[in-house]
Amino acid sequence: MAKKIAVIDGNSLMHRAFHAVDSPMNTADGTPTNAVFGFMAMFLKFVDLAHPDAVVCAFDAGIPEFRKTAIEGYKAQRPPMDPDLRVQFPIIEDLLESMNVPVVRISGWEGDDILGTIAARDEALGYETLLVTGDRDAFQLASDLTRIVATKRGITDVAVYGPDEVLARYGVTPAQVPDFLGLKGDSSDNIPGVPGVGEKTAAKLLRQYGSLEGLYEHTDELKGKQKERIEENRDAAFGSRQVATIVRDLDFPLDLEGAAFPSFDPERVKAAFEKVQFNAQLARVLKLAGEEVPPEKEAALVDAPVCEGAQASELLDAALARGERVSAALGVRSPGELFETQVCAVGTSQGVGLFEGDEALRVLSLLVRTAPFAALDVKELVHAAYPADTSKPAVVSDAELMAMDAFDLGLAAYALNSSVSEYTLAKLAEKHLGGVLPEVEDPTDALVQQAAAAFALVEPLTRALADDGSDAAYFDIDLPLVAVLAIMERTGAAIDSQRMRKLDDYASGEIAGLAEQIYALAGETFNIDSPKQLAAILFDKLGLPPLKKNQRGYSTDATVLTELAKDHEIPGLVIRYRELSKIKKTYIDTLPKTAAAAGDGRLHTTFHETVTSTGRLSSSDPNLQNIPVRTDFGRQIRDCFVPLRDGDEFVSADYSQIELRLLAHLSQDEKLLEAFNSGADFHAATASHVFGIPLEGVTPEMRSRAKAVNFGIVYGQQAFGLSQSLGIPFQEAKEMIERYFEAYPGVRTFLDDTVEHARQRGFAETMFGRKRHIPELKSRNANQRGFGERTAMNHPMQGSAADIIKKAMREVQQRLMDEGFQAKLMLQVHDELDFSCPTEEVERLSAMVREVMMSVASCDVELEVDVGVGPTWADAH
DNA sequence: TGCTGACAAA
DNA sequence: TGGAGATTGTCAGCAT
């Protein structure tokens, strides 16, 4: 097979990477490394996919004289390179050199010309060449042996162009590319071209006349404005072509025959990559050469002796007698193919003990009931012994659960940084133990490693929580909630499956009818669920105006369809079709099945405490936090949620406008505080301030606008967003927001201070000290920064609300038990708690829950709670 | 299998 | 100059 040489246009890739990788990254001395990181990400992905035999990297080193004279001002108006990018060139060169990738830089020439020259030499040698670049001029170099790897959006997304692809994409051959660029120009390189001639026209002219020479011999065949423009800009066209023509015969030494990749000294590579702290990338580079990750770091982790059976029991007993907080990790072992036994690994200071099957469960319940222990996910472990649904008797009582002495490593890590996508022992070990978990094949060995790491992590995480000031969020709020969530998950929620079936009949009929109507109007059948096919019908066949684009074509989302519904019947029908089929597919088709699959016929969701960055919970499998309520049909789904037992009522308690009340408390804005404390209708009070009229004069229309502004403020919404949600002109929305801040000046000050504080310290925090780190505030990208600012403003409100309801949940659960309630806490939906409650307890429960929810936080505004009671969830609102 | 568009909720 | 509200979870279509 022919040798494959890759040549990278270093400047082009560094520019791309600089803009594509926006997250702030620095070396120890503060030098930015985002472009280097992006470059290497692209490099590694490319090498993985293409497996080149050798890699060369070319950089610009000036501009050749002939380009400067051909076009006056060639690259002249380009602003000087961003200093944050400039400083990264020496770093990338250092990395490349450490990997033995030749760096070519020819004084007075640009990278493109080096690419062209190497490709020409390769072709002479019969080698294959891959040219990696983001610049379009390189397409002229495509040939049977030479292909262009062009970066698309971002950096790691690429397209490969040979001659056929160039022709397909631009309608010209590679040889015609300079003429093509000469006509159409290239704004990024300051190549003027012929004004008014774009991609389509340039390609058409070249197909007809072959080249610039051919075109200018036949300008008499052209007509009108086009003829004038082309004739007038003859010099610009030829000059532009010259600038765009890549030189292919530079003279520089490069040993192509001897070049090879990967071939490098691992020590040198390690040194270079460790300097910039690209540990994950280092591992990938070393792997290319068959090298393993630095082994000395693994040794830093516990190399614990492992035992089983009676010895394991002794190990555990001794550790508990010493008062140690042992660790536990749960897994399965499958000796044969048929049976899987549960295995529990327990970590102690003297080693790891393994327990299997019934022994594992015995040990788990022992830990939960009587011993201090630690685990990555305590709730998951609890369910293994508890057990997870009410069809079997509980091995551990609710009271024992509430009293358990657990340390949840995942929750601790979440309190330290809530923006991490996944909390694993491997990542925690890397961060807090300074070593990587050894990669082991055998699942049991892996479990042992996890137990050992979990044991070792308790101390450093406890210290980190205290150092960071995040111990309150963890110890007072998140950790005590684990038992409550475990109890709720086991309790489950009940649905009326009969009723669901009736809903199914109705929905199925409606959906089929709607589909028929849509097909009839469209004149053909198609898949309405496919946005692509729907777009083809609406925009191609019916010729409706495409109002919005997405990555793959024209958008067919609800806002677009609503607008189009004015012109045609189909969009309205599709909206209704989507509403019904979404609800049918997501809830009606799945909830009864899920319930039937559980031992007790109930829905047992999983609540996640480490997913959101604000401190809210999330729910999955099934998600019971997004059960419909807004539309009539949606509410029918809530009507299927019923109390757990005959004789129970569904009780729902929710905080009224908790985020806005917290805003009043936190900002201490006098008028806002007064608006809540006077007991008046809050949205109406806002309307009265914003529109400058007495309370009695507020119309329902004004009130609903004020309500939208109130909610917008919570989310950091801006004028554009408000104008969209209210369907009013931008200017009007802008004025409303301005008047809002005039009416509540304390709010403006508070939000500004919050952002400023967050910018300085790197995080925003809630009333109870829950932090959210916001590195985006330091971003160079204005959109990212805007995101950071909105996040900083929103976190104290949304996060404090989350803290408050979590505290309330723990206390409510405690009092349910202490005061002998039969009522059960079933669900939490952000600012709402739902119970199943015997009729005779309803009064007592309502009073208790209200009292607890209102009193867990002391604020300068009352935290009002509405309690509803009814036979179903829908009725309890 | 992984990504995308669309849509449910507070 | 262009873009201009957020988060999470689930489903189906579609490309690989």
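Just the heavy atoms: all of them, side chains too, but no hydrogens, waters or symmetry mates, feed the values below. So that the names make sense, note that chain A is the first sequence line, chain B the second, and so on, each numbered from 1.
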Q) Taking NZ, NE, NH1 and NH2 as the nitrogens, is one of them in A:E732 or A:R705 under 4.0 Å from a carboxylate oxygen of the other? A) yes
Q.
How about CD on A:E756, more than 12 heavy atoms from neighbouring residues, nucleotides or ligands closer than 6.0 Å, or not?
A. yes
The side chain of [X] lies closest to which of these nucleotides: [options]?
{"X": "A:R578", "options": "B:dA10, B:dA8, B:dC7", "result": "B:dC7"}
{"X": "A:V629", "options": "C:dT8, C:dG9, B:dA9", "result": "B:dA9"}
{"X": "A:T590", "options": "B:dA10, C:dC11, B:dA8", "result": "C:dC11"}

Q. Taking N and O atoms by type only, does the side chain of A:K582 place a donor or acceptor under 3.5 Å from a partner on the base of C:dT10?
A. yes
Q) For the side chain of A:D529 and the base of C:dA12, is some donor closer than 3.5 Å to an acceptor across the two? A) no
Grab the [atom1]-[atom2] distance between [X] and [N] for me, whole Å please.
{"X": "A:I588", "N": "C:dA12", "atom1": "CD1", "atom2": "C1'", "value": "17 Å"}
{"X": "A:L580", "N": "C:dC11", "atom1": "CG", "atom2": "P", "value": "18 Å"}
{"X": "A:F787", "N": "C:dG3", "atom1": "CZ", "atom2": "C1'", "value": "16 Å"}
{"X": "A:F607", "N": "B:dA9", "atom1": "CZ", "atom2": "P", "value": "17 Å"}
{"X": "A:H877", "N": "B:dA9", "atom1": "NE2", "atom2": "P", "value": "11 Å"}
{"X": "A:N550", "N": "B:dC7", "atom1": "CG", "atom2": "P", "value": "12 Å"}
{"X": "A:I583", "N": "C:dC11", "atom1": "CD1", "atom2": "P", "value": "14 Å"}
{"X": "A:Q625", "N": "C:dT10", "atom1": "CD", "atom2": "P", "value": "11 Å"}

Does a nitrogen or oxygen in the side chain of [X] sit under 4.0 Å from OP1 or OP2 of [N]?
{"X": "A:R630", "N": "B:dA9", "answer": "yes"}
{"X": "A:S618", "N": "C:dG9", "answer": "yes"}
{"X": "A:R772", "N": "C:dT7", "answer": "yes"}
{"X": "A:R790", "N": "C:dG5", "answer": "no"}
{"X": "A:T556", "N": "B:dA6", "answer": "yes"}
{"X": "A:S555", "N": "B:dA6", "answer": "yes"}
{"X": "A:K532", "N": "C:dA15", "answer": "yes"}

Q.
Here's one to test your reading of the geometry: is the NZ or CZ of A:K806 within 45 degrees of the ring axis of A:F768 and under 6.0 Å from its centre?
A. no
Q: Report the C-alpha separation of A:L538 and A:L561 in whole Å, then their side-chain angles, then the decisive distance to 0.1 Å, and conclude whether the side-chain contact (heavy atoms from CB on, under 4.5 Å) test is met.
A: CA-CA 10 Å; A:L538 294 178; A:L561 294 181; 3.8 Å; yes
Could you tell me whether [X] contacts a base, only the sugar-phosphate backbone, or nothing, with contacts defined as non-hydrogen atoms closer than 4.0 Å?
{"X": "A:S619", "result": "sugar-phosphate"}
{"X": "A:D621", "result": "sugar-phosphate"}
{"X": "A:S613", "result": "sugar-phosphate"}

Q: Evaluate side-chain contact (heavy atoms from CB on, under 4.5 Å) for A:I537 paired with A:L542, printing each intermediate quantity in order.
A: CA-CA 6 Å; A:I537 297 286; A:L542 302 177; 4.2 Å; yes
Q | Rounded distance in Å between the P positions of B:dG5 and C:dA4 | A | 15 Å
Q. How are the rings of A:F526 and A:Y519 set to each other: parallel, tilted or perpendicular (split at 30° and 60°)?
A. perpendicular
